[in-house]
Amino acid sequence: NLIPNNLSEDEKKLGVKLLWDGKTTDGWRGAYKDYFPSKVWYIKNGTLNVKGSNGAESANGGDIVTKDQYGALDLQFEFRLTDTANSGVKYFVTETEENKGSAIGLEYQILDDDKHPDAKLGSIGNRTQASLYDMIPSKKIVDANGNRRDNLPIGEWNRGGIVVYPDGRVEHWINGWK
């Protein structure tokens, strides 16, 4: 089902749930907060956006988290990078640490690999687009001319995915590539 923010009848029967309705911030709150940080996170034309920052960890809006908790999941999302973007989708977030920076959890990296300096940090490319941040680098899929097939240019919509199986295995997907 590729219709944005829509569930088919079959998906509903299977227990699929929308985490975001495309209209409100219902079901979400700021990490370490009991409210949604609407001064920096905002909805525009059916997209969820965050205002830019100077690049410091959680300097602007901070992380947002679902109010509900999940185990095994198949999370599908779309994202569009801006120039020098650095963000991510975190899962299995814990808040017991009462951290002052970003929430603690696993992270699907969303990053401008070409221009953001974080892509060059870490090791073996484990801070690049679709990687398990600071742990496992994503595979880079290139065509015969050396052009990336797994990562669309700045301003185009990418389709990400995180699959967590009941046995704990995790997969990261980008634009149909695992």
Side-chain angles (χ1 to χ4, degrees), residues 1-8 11-12 14-112 116-119 121-122 127 129-135 154-155 157-164 166 168 170-174:
N1 181 4
L2 298 177
I3 301 171
N5 300 334
N6 180 326
L7 293 178
S8 69
E11 287 171 321
K12 291 175 187 175
L14 291 170
V16 175
K17 178 180 177 182
L18 287 177
L19 294 183
W20 188 56
D21 62 12
K23 299 172 188 160
T24 70
T25 58
D26 293 349
W28 293 86
R29 62 177 176 77
Y32 310 111
K33 298 173 176 63
D34 58 2
Y35 61 91
F36 187 85
S38 58
K39 290 183 181 176
V40 290
W41 286 92
Y42 62 96
I43 299 168
K44 182 178 179 181
N45 298 326
T47 64
L48 183 61
N49 303 269
V50 66
K51 292 180 182 177
S53 71
N54 65 0
E57 181 179 0
S58 75
N60 197 10
D63 296 331
I64 56 173
V65 297
T66 57
K67 290 180 179 176
D68 293 332
Q69 293 186 4
Y70 301 91
L73 56 94
D74 182 348
L75 176 63
Q76 298 175 28
F77 52 95
E78 294 175 328
F79 62 94
R80 181 173 52 192
L81 294 174
T82 55
D83 190 54
T84 68
N86 181 2
S87 192
V89 175
K90 290 186 178 177
Y91 51 103
F92 299 142
V93 169
T94 62
E95 296 176 283
T96 56
E97 302 84 0
E98 297 183 25
N99 190 23
K100 297 299 179 210
S102 295
I104 305 299
L106 300 176
E107 181 177 352
Y108 177 110
Q109 179 72 319
I110 295 176
L111 186 79
D112 179 349
H116 197 285
D118 205 39
L121 300 176
R127 288 189 176 188
Q129 181 84 286
S131 293
L132 177 54
Y133 182 78
D134 240 2
M135 297 177 77
I154 299 297
W157 286 99
N158 289 274
R159 187 170 183 82
I162 301 167
V163 180
V164 179
V170 176
E171 296 174 349
H172 283 193
W173 290 80
I174 184 165

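Only heavy atoms go into these numbers, but all of them, side chains included; no hydrogens, no water, no symmetry mates.
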Would you say the side-chain atoms of S8 pair up with the backbone N or O of E11, donor to acceptor, closer than 3.5 Å?
-> yes
Going from OH on Y91 to NE2 on H172, what distance comes out if it is rounded to the nearest 0.5 angstrom?
-> 3.0 Å
Would you say K51 and Y42 make side-chain contact, with heavy atoms under 4.5 Å?
-> yes
Which heavy atom in E95 sits nearest to a heavy atom in Y32, and how many Å separate them?
-> OE2-N, 2.6 Å
Here the gap from I154 atom CD1 to D112 atom CG, rounded to the nearest 0.5 Å, amounts to 4.0 Å
Hey, what do you get for CD1 (I43) to CH2 (W20), rounding to the nearest 0.5 Å?
-> 5.0 Å
Do T47 and E78 have side chains that get closer than 4.5 Å, going by heavy atoms?
-> no
Reported CG-to-CH2 distance for the pair D63 and W41, which is rounded to 0.5 angstrom = 7.5 Å
Name the orientation class of the two ring planes belonging to Y108 and F79 (parallel below 30°, tilted from 30 to 60°, perpendicular beyond 60°).
-> perpendicular
Heavy-atom closest pair, residues A103 and V93 | CB-CG1, 3.6 Å
Out of curiosity, L19 CG to D26 CG, how far, rounded to the nearest 0.5 Å?
-> 13.0 Å
Given I162 and V89, is the side chain to side chain contact (heavy atoms under 4.5 Å, CB included) satisfied, shown in steps?
-> CA-CA 9 Å; I162 301 167; V89 175; 3.8 Å; yes
Closest non-hydrogen atom pair, I110 against Q129 = CA-OE1, 3.2 Å
Distance, nearest 0.5 Å, that separates CG of N86 from CG of D118 | 5.0 Å
Please output the side-chain donor-acceptor pairs of residues 64-75 that fall under 3.5 Å, not counting sequence neighbours, one pair per line with the distance.
from	atom 1	to	atom 2	distance (Å)
T66	OG1	D68	O	2.6
D68	OD2	K17	NZ	2.7
Y70	OH	K17	NZ	3.0

Which heavy atom of L111 sits nearest a heavy atom of A119, and at what distance?
-> CD2-CB, 3.4 Å
If you look at every heavy atom in L48 and F36, which pair is closest and at what distance?
-> CD1-CZ, 4.4 Å
Side chains of Q109 and R127: is there a donor and an acceptor less than 3.5 Å apart?
-> no
Any side-chain heavy atom of S102 within less than 4.5 Å of one from K90?
-> yes
